[in-house]
Amino acid sequence: MAHECVYRLDELHSRGTIRQVIDIHCVTRWSKLAVEFVGVPLAELIERSRPAADAQYVSFVARSERNHSTSLPLADALSLGALVALEAEGHPLPVEHGGPVRVIVPGRYFYKSLKWLERIELLASDRLGYWEREAGYHNRADPWREERYLAPALSKREMAAVLATRDFSNRDLRSIDARGHDLAGLIARGALLRDADFRDCELRAACFDGANLANAHLQGADLRGASFLSADLEGTDFISADLRGADLRGASLFGATFCGESNQPPALIDATTLFDAASLEQLTPLEAEHVVRAAQSTAGNNRDYRK
Ligand SMILES: Nc1nc2c(c(=O)[nH]1)N[C@H]1C(S)=C(S)[C@@H](COP(=O)(O)O)O[C@H]1N2
Ligand SMILES: [Mo]
């Protein structure tokens, strides 16, 4: 028989809180290191609830319109030192960061750290959380293994067939491995291509309008004349790609990299590469400076085309 415990906020505060400093890693590639949280160890609340012997998973449910939730194997949540947090960096948690109570799960992508915690449920079998179910986020989410997204279940043969058509329009091809393929003229309008690997691809005049290329790898790709109108390019890597004549207007560029800190050459951008001001504002200062300077130059035109 399930045993339910109910806590008022002030009761949680008086339960004996601990301080924990953790590194935050969001699945879309931003990190924030050494953030201090104060809260009640999940282990303590679990112990008090005297869980049934078959309790294998813990599901955190938010007070939110879509009943947002996320889950973990109970043993993982406990061994990682999950915290029911009340304060961050010396202040009560603000609502935008999940206050008054959120979960902090160290050692997992931050989507396992649920905001606006309302309920903790112990389950015999797993129940996929919101991002895991709706967006295909990886259910274990270990950042050291880069477990960001689950690849859809496509066989090698189906993958080869899709590549041969050069038509990805509106398809779910998350994490597709297309590295090095000749995909010139690819139509990928509205395609779901998170985390896709297009390194060193021939993608001249490809159309990615409205596509989701978050965290996709486009290093070294030939993207001359490609179109990315209103595409989601958050965390997309364009290092050493050729972007002359490409159109990136209306794209979302948070966390996108064109020059990075790598020792590889930056993306080839010149006055024929189109951006708009709103997208450029989303870049880090270093990236924005590089892109703006390159987009004003005609230097790229004088370089030889590489292929
Ligand atoms: N209830 C709820 N919790 C959530 C989310 C959400 O959409 N709803 N997003 C997750 C994701 S993807 C991240 S990166 C962090 C962001 O936390 P922050 O807003 O404090 O940076 O919250 C996580 N917890
Ligand atoms: Mo995230």
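Ligands are counted one by one from 1 in listed order, and the atoms in each one are counted from 1 as well.
- Separating the CZ atom in R148 from the CZ atom in R194 is a distance of 12.0 Å, to the nearest 0.5 Å.
- With L93 as the partner, the side-chain contact (heavy atoms from CB on, under 4.5 Å) test is satisfied by one option alone out of R102, E87, K115: R102.
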Full working for salt bridge (Lys or Arg N to Asp or Glu O under 4.0 Å) between D222 and R204 | CA-CA 6 Å; D222 183 350; R204 239 182 277 192; 3.3 Å; yes
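- Of all the atoms in ligand 1, the ones that sit under 4.0 Å from a non-hydrogen atom of C26 are 14 (S).
- Residue-ligand proximity, A62 to ligand 1, at heavy-atom distances under 4.0 Å covers atoms 1 (N).
- Ligand-side atoms of ligand 1 in range of W30: 14 (S), 21 (O), range being under 4.0 angstrom from any heavy atom.
- Taking each of W116, F110, W131 in turn, the one with a heavy atom nearest to atom 16 (C) of ligand 1 proves to be F110.
- Ring centers of H68 and W131: under 6.0 Å apart, within the cut-off.
- Of the listed options E118, H25, K112, H68, H68 places a heavy atom closest to atom 6 (C) of ligand 1.
- For atom 12 (S) of ligand 1, the closest non-hydrogen atom on the protein side is Y111 CB, 3.5 Å.
- Here atom 20 (O) of ligand 1 lies nearest to R102 when heavy atoms of R66, K115, R102 are compared.
- For the residue pair S125 / Q56, no side-chain donor-acceptor distance below 3.5 Å is found, with atom types taken as modelled.
- In summary, the atoms of ligand 1 found under 4.0 Å from a heavy atom of E96, numbered by their order in the structure, are 19 (O).
- The shortest contact between atom 18 (P) of ligand 1 and any protein heavy atom is with H97 ND1, 3.4 Å.
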Please lay out, stage by stage, how Y7 and R48 fare under the test side chain to side chain donor-acceptor pair (under 3.5 Å).
-> CA-CA 12 Å; Y7 297 94; R48 269 203 81 205; 3.3 Å; yes
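- Looking only at atom types and distance, the side chain of D247 has no donor-acceptor partner in the side chain of S227 under 3.5 Å away.
- F275 and F228 have their aromatic ring centers separated by at least 6.0 angstrom.
- Under 4.0 angstrom from ligand 1, there are no non-hydrogen atoms of Y130.
- Residue contact check: S113 has heavy atoms under 4.0 Å from atoms 22 (O), 23 (C), 24 (N) of ligand 1.
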